[in-house]
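Notes follow once the structure below has been shown.
These numbers were taken from a predicted model, which means no experiment stands behind them.
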Amino acid sequence: MNNVVVYGLKDAMVSSLRAMACQFDPMYLLSNNLPALLEIQMDLVDRRVMFLPEVGLKGGPLQSMASSGDGPSANIKGAIVETSSNSPLESGIKNIVVGWINGMLGLSSAFKRLDSGEGTYLREVLEAPEVQAQRSRIIKYLNNMEKNANKLRSQFRKFEYLWTTNLNELFAEFLVKVVKTERIPFSEPGDDTAVPAEIGAASGATANGNSSSNPAAVSEHGSWQKTTIDLAMFGERIKAFLEIQVEVSEIKTVHDIDFLKVNAQPIKQAISTWVTKWLYVHTQYLQNYVGERLDDMYSLLQDVNNGLDTAVENGDRDALMTVMSYIRNVRKRMPEIASLFEPMQNIVALLKNHAISIDLPNIGGQPALNFLDYSKMMWDNAVNKAFRVKETIQPLQMSMVEGIRKEVKSFHSNVNKFLKEFRATGPFSWMDSSHLKEAYSSLDHCQLQLQQLVKESKAINDLEDLFELPLSAHDNIRETEQDLRSLKGVWDTVYLVDSFFCLWKNTLWADIKTDDLLDEVKKMQNQLKKQTKKCREWGVYKRLELEVKNMATTLPLVHDLHSPAMRERHWKSLIGITGMAIDRGQGFCLDDLLSLNLHMHVEAVSDIVEVANKELKIENKLLHVEESWRKFALKFDRHRDTEVFIVSSPDDVLEALEELSLHL
């Protein structure tokens, strides 16, 4: 009877597993024209291409393999596999199938054993060869399904750089390569004053003059800024993103994988969104470039046209200079504006060729592209108007030129006067520590004067530029600025050194650590070496260098004077040599030693210390002799024939006497 139950349970389980295996068999589904057993989705979750639900085991140690698409996540063999997820989206396909198999096996657990009355028939059913064969068949179908599903996943994972790469950082690196900004000097001083007939030709040029080998050295007054964009590289980027959009759109939305139907619409939509982000960043930069230049050009045209209409009366300097400033603005912007028209047209053509929608704000109440079409003509009209007005005010301008030259000459005279006064009264000479505030006060006064001169020099250059006079270089002002900074640095070092030395002077004799002080002095010397060559010609620098050098010479002597061999007689010799008296009482400190000017008596101090050390050695030897003789004593023995005591043979005393005599 027990065998009958076991056979019946095995047969039921085999039949159920066989029916399930047929539903997982792609050939069976195809031959019987049956639909896919399950339908799942593929989407971008936490920036990973995921199936919903996953095709492998989920929630176990092999989940990461399933997520990465490296292969089947597991072989479901052996006993029942526990699954804790209740929601299909929280489980994998294999988890779901395991749940089904567990449900079937639960039938064998529902029958009590007839032979013992305890336990179930689960073990017999699990170990039955027929049951194991059907289970292996199901596992085979599941593993094949997972392998084929991961192949599909890999088709979409090739786009993962779109969401794993930092878009802003990569685009910034791209701009460094494709966008170049340089300052180009005007080729000739008179180029920007050409007659109106030449203006039309100049407006069609992309540049006026050659770029300088050192853009940083090009004067802002004598140069214009040119921005060049490599549209070919932009076009390649835009084309690549558009091709990705097409490639993604051509991927099938529904994929049949064995017994699964995969809906790829979510992942396609996610990838398309990321491609659109990358495409937008590149195209919007170009649109912003065009929009900003057109808006700037419109504002310039409005200001120039309105400003040139200002009436100029004879003797009205303010009105004349206002009109001339607008003429100067046109003159200075000519090569820059002329270099913009063709690049902006090329940008618009590039965007249109790739069917990119151009959405620019209106310029002056009209569509931006319409303004772009007429902008070159409007700019040429403004340039011609500027030169017509210039011809009109030419007599008034010439009448003021002589006055401007006098202002320039007067300014140069003031600059030379300041420089002469600065060289004569500036704090280039040494001052005691009690006068440091005076030095800084003098520096502050010079700095204020120099700042005013720098401000006036810019105003003078603006006047020269406005009246088309040769620009003054003002090299002496820049040189003085550098000298003042260097002088301030030297005095800062003076203050630092003086602060350290004042702090050290109060150090008591027993607390002086010459090694630490010497390290600080070496740092000071290194800092002095960093000063410019010009600084080394100044008296304050020379005196500061000497002070630091003297301290560097004195500290090793102070270290030597700490020798235990020094006695009072040696200190008296030191005082005699230096000619200065010191009190070696409780308050004896480094300042007392510095007052001896030891750096002026290096050899004499070294000789005193050397003599003291030698005398100490002799003293130690004499002490050793004295201590040795204290250990000896003469012994007296009775004479063998008389009662008289005589000295015993002093062999050890004689031996010691001979040895100590050699030491002395």
(request) Go through N381 and Y374 one step at a time and tell me if the side chain to side chain donor-acceptor pair (under 3.5 Å) criterion holds. (result) CA-CA 11 Å; N381 292 338; Y374 295 102; over 6 Å; no
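- By the 30° and 60° cut-offs, the orientation of the rings of F171 relative to F234 is perpendicular.
- Taking the six-membered ring for Trp and the full ring otherwise, F501 and W504 have centroids separated by under 6.0 Å.
- The pair D380-K376 counts as a salt bridge, with a side-chain nitrogen and a carboxylate oxygen less than 4.0 angstrom apart.
- Using a 4.5 Å cut-off on side-chain heavy atoms (C-beta onward), V605 and L561 make contact.
- No salt bridge links R293 with D296; every basic N to acidic carboxylate O contact stays at or beyond 4.0 Å.
- Residues P361 and A368 approach most closely at O-CB, 3.5 Å, considering heavy atoms.
- Taking the charged nitrogens against the carboxylate oxygens, E407 and R317 do have a contact shorter than 4.0 Å, which makes a salt bridge.
- The residues K406 and E402 are annotated as not salt-bridged, no charged nitrogen and carboxylate oxygen being separated by less than 4.0 angstrom.
- No salt bridge links D230 with R237; every basic N to acidic carboxylate O contact stays at or beyond 4.0 Å.
- A 4.5 Å side-chain heavy-atom check between F411 and L453 finds at least one atom pair inside the cut-off.
- Between L308 and V389, the closest heavy-atom pair is O-CG2, 4.0 Å.
- The heavy-atom pair separating L471 from N461 by the smallest distance is CD2-O, 3.5 Å.
- Ring to ring, H354 and F241 are not that close: their centroids are 6.0 angstrom or more apart.
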(request) Verify salt bridge (Lys or Arg N to Asp or Glu O under 4.0 Å) between E173 and K177, making sure each step is shown before the conclusion. (result) CA-CA 7 Å; E173 295 175 0; K177 298 178 182 178; over 6 Å; no
(request) Check step by step if side-chain contact (heavy atoms from CB on, under 4.5 Å) holds for D592 and D583. (result) CA-CA 8 Å; D592 296 320; D583 181 11; over 6 Å; no
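- Not one N or O on the side chain of R543 forms a donor-acceptor pair closer than 3.5 Å with the backbone of W430.
- The minimum heavy-atom distance linking Q287 with L351 is given by the pair CG-CD1, 3.6 Å.
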(message) What verdict does the side chain to side chain donor-acceptor pair (under 3.5 Å) test give for Q531 and S486, after you've listed the backbone C-alpha separation in whole Å, the side-chain angles of each residue and the deciding distance to 0.1 Å?
(response) CA-CA 7 Å; Q531 299 293 340; S486 300; 5.6 Å; no
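- Of all heavy-atom pairs between G235 and L350, the closest is CA-CD1, 3.9 Å.
- With R405 contributing its side chain and M400 its backbone, the two residues share no donor-acceptor pair below 3.5 Å.
- Of the possible donor and acceptor atoms, one in the side chain of S457 sits under 3.5 Å from a partner among the backbone N and O of V454.
- Distance CH2/W509 to SG/C589: 11.0 Å, rounded to 0.5 Å.
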(request) Test side-chain contact (heavy atoms from CB on, under 4.5 Å) on Q527 and L496 and set out the steps. (result) CA-CA 11 Å; Q527 188 170 352; L496 177 66; 3.8 Å; yes
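- Ring pair F428/F422: centre-to-centre distance below 6.0 Å.
- In this model, a donor atom of one side chain and an acceptor atom of the other lie less than 3.5 Å apart for N288 and Q284.
- Salt-bridge check for D465 with R328: passed, with a basic side-chain N closer than 4.0 Å to an acidic carboxylate O.
- With respect to the salt-bridge test (charged N to carboxylate O, under 4.0 angstrom), the residues E336 and R333 qualify.
- A distance-only check finds a donor-acceptor pair linking the side chain of N305 to the backbone of L301 [under 3.5 Å].
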(message) Please evaluate residues M431 and L436 with respect to the criterion side-chain contact (heavy atoms from CB on, under 4.5 Å), reporting the C-alpha separation (whole Å), side-chain torsions for both, the decisive distance (0.1 Å), and the verdict.
(response) CA-CA 7 Å; M431 296 182 185; L436 281 177; 6.0 Å; no
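- A cation-pi arrangement, defined by a distance under 6.0 Å to the six-membered ring centre and an angle within 45 degrees of its axis, is absent between K488 and W491.
- Side chains of T181 and Q225: a donor-acceptor N/O pair is absent below 3.5 angstrom, by distance only.
- A donor-acceptor contact shorter than 3.5 Å links the side chain of T554 to the backbone of N550.
- Two residues are said to be in side-chain contact when any heavy atoms from C-beta on lie closer than 4.5 Å; W379 and N384 fail this criterion.
- For the 3.5 Å distance criterion, the side chains of Y298 and D303 fail to qualify, holding no donor opposite an acceptor.
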